[in-house]
Amino acid sequence: MTTYFYYPNREMQEELACIAKALVAPGKGILAADDSINVMSKRFAVIGLENTEENRRLYRQLLFTTDAKISENISGVILFHETLYQKTDAGMPFPEVLRKKGIIPGIKVDKSPVPLFGSMDEFTTQGLDDLPQRCAQYKKDGCDFARWRCVLKVDKTTPSFQAMTENANVLARYAAICQSQRMVPIVEPDILTVGDHDIDRCQKVTETVLSTLFKALLDHHVYLEGLLLRPNMVTAGQNSNKNNTAAEIGLATILSLRRTVPPAVPGILFLSGGQSEEEASVNLNAANNVPLCKPWALSFCFGRALQASAMRSWGGKKDNMLTAQNELIKRAKANSLASIGKYMSGSVEGSAGAERLVIESVES
Ligand SMILES: *[C@@H]1O[C@H](CO)[C@@H](O)[C@H](O)[C@H]1NC(C)=O
Ligand SMILES: *[C@@H]1O[C@H](CO)[C@@H](O)[C@H](O)[C@H]1NC(C)=O
């Protein structure tokens, strides 16, 4: 039985809560620019660009040197290890470029999913061994928050009890370690959209996964006021032959969150999980318009759903930089409006249009 409490001390609690609050300030969300080198090669392949360190630097420079007004809609950016130590043409480190705009730098700290032996072909995520040292260094190098993703797959017999408890425990240990190094953990239990399940199944799985996760977070004395959740939206599987309306998706999402996420958590920042840019905005907007009490900020932590049009407009050409940056600003504004429930469907068009991303692997 628990007798003593080991939450972070008062000063750490204040620092963590303050960072978390800034990340979910009204009308703001997070840009996930932390695609791994492998994933970048897939993104670049679409625009016919070679996946070199210099091309990755040029692309991230484009994102981070976008006009400072983007900071009215973007509170933080998640970086990949390599990106944290890259610089602009003029020699300014990327984290400094972001700070100057009032954007908080964060970092992906997990080392990717690996097979979970003895499970139903499921996964766990590695990277805990040297995490305290890595977090201490990242904090020194300017990052105030971190991100760690675990994946769960939906099938007739999954997610298994083994996968749910293992991944909840890994996420809880990651979160506790981050907090000990004064970094806000973004906790990401990503229920994959692969499969032909319907929305009701996804809702039940989401509720079970989140309740398992919050039990583990409490067992590990994670300070909930200094943590952010990045869940999937509740949708049918990508191979299901049924399309649900945004209102149905919003309702199923809010129902599952209300049943499992304590009001102590300051914010929930959704994954876009393969949705098109427009779908992601419309669904976020719908979630914010569900007429039930929602005690947390409900915003976005989108990767491709903020960048697809920008990357396409850029196409690897210097002359297209400004056009691409404008695409990013447009999506940031659209999602900013969606995060306060004021986005009008179809009011912002991007060059990537309604293009969806079919998820084939667990890589991130
Ligand atoms: C998003 O940023 C714009 C400026 O680019 C600002 O006018 C707008 O108020 C911001 N959106 C929200 C919902 O705060
Ligand atoms: C569902 O929507 C997608 C994207 O708009 C479309 O391609 C697909 O045909 C729709 N499926 C059904 C069964 O209506």
Side-chain angles (χ1 to χ4, degrees), residues 18-33 60-78 94 97-106 144-145 184 186 228-230 233 246-247 249-250 253-254 257 265-272 275-291 293-311 313-314 320-352:
C18 180
I19 298 166
K21 214 173 143 197
L23 288 169
V24 293
K28 293 191 187 183
I30 293 177
L31 166 67
R60 263 67 183 250
Q61 169 170 266
L62 178 156
L63 297 178
F64 307 155
T65 58
T66 296
D67 191 284
K69 73 180 175 204
I70 199 167
S71 67
E72 288 178 47
N73 303 144
I74 299 285
S75 56
V77 171
I78 314 177
F94 284 159
V97 175
L98 295 170
R99 285 275 177 198
K100 279 213 156 145
K101 292 194 158 85
I103 294 177
I104 304 172
D144 275 344
F145 70 102
V184 166
I186 295 187
L228 297 168
L229 179 69
R230 189 188 190 198
M233 296 183 193
I249 291 169
T253 302
I254 294 302
L257 294 173
V265 173
I268 298 175
L269 302 157
F270 291 104
L271 283 159
S272 51
Q275 297 175 29
S276 72
E277 290 179 333
E278 176 68 7
E279 271 178 300
S281 305
V282 167
N283 290 339
L284 173 61
N285 191 64
N288 271 296
N289 280 306
V290 172
C293 170
K294 302 174 288 287
W296 345 261
L298 285 173
S299 192
F300 58 94
C301 181
F302 292 163
R304 194 174 163 286
L306 275 168
Q307 297 172 55
S309 289
M311 183 174 281
S313 304
W314 176 52
N320 298 338
M321 202 164 111
L322 216 57
T323 323
Q325 291 177 332
N326 282 332
E327 292 284 348
L328 177 64
I329 289 176
K330 279 202 293 190
R331 268 348 299 177
K333 273 192 189 162
N335 289 311
S336 164
L337 286 169
S339 74
I340 54 168
K342 300 216 161 122
Y343 179 64
M344 290 277 293
S345 168
S347 60
V348 179
E349 274 180 35
S351 56

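Note that the structure is predicted; figures quoted are calculated from it, not measured. Both counts, for ligands and for their atoms, begin at 1 and track the order of listing. Each residue takes its place number in the sequence, starting with 1.
- Within a 4.0 Å radius of atom 11 (N) of ligand 1, the protein has at least one heavy atom.
- Side-chain atoms of E72 and S336 form no donor-acceptor pair, as typed in the model, at a separation below 3.5 Å.
- Here the side chains of S345 and E278 are in contact, with some heavy-atom distance below 4.5 Å.
- Atom 13 (C) of ligand 1 has as its closest protein heavy atom S336 OG, 2.9 Å.
- Side-chain contact between K28 and L23: absent, with no pair of heavy atoms (C-beta onward) separated by less than 4.5 Å.
- At a heavy-atom distance under 4.0 Å, only side-chain atoms of I340, from C-beta outward, approach ligand 1.
- A 4.5 Å side-chain heavy-atom check between K294 and I254 finds at least one atom pair inside the cut-off.
- Each of the following atoms of ligand 1 lies closer than 4.0 Å to a heavy atom of N73: 1 (C), 2 (O), 3 (C), 8 (C), 10 (C), 11 (N), 12 (C).
- When hydrogens are left out, the protein atom nearest atom 5 (O) of ligand 1 is K333 CE, 3.2 Å; that is the closest non-hydrogen contact.
- L257 has its side chain within reach of W296: a pair of non-hydrogen atoms, C-beta onward, lies under 4.5 Å apart.
- The heavy atom nearest to atom 4 (C) of ligand 1, considering only E72, K342, K28, is found in E72.
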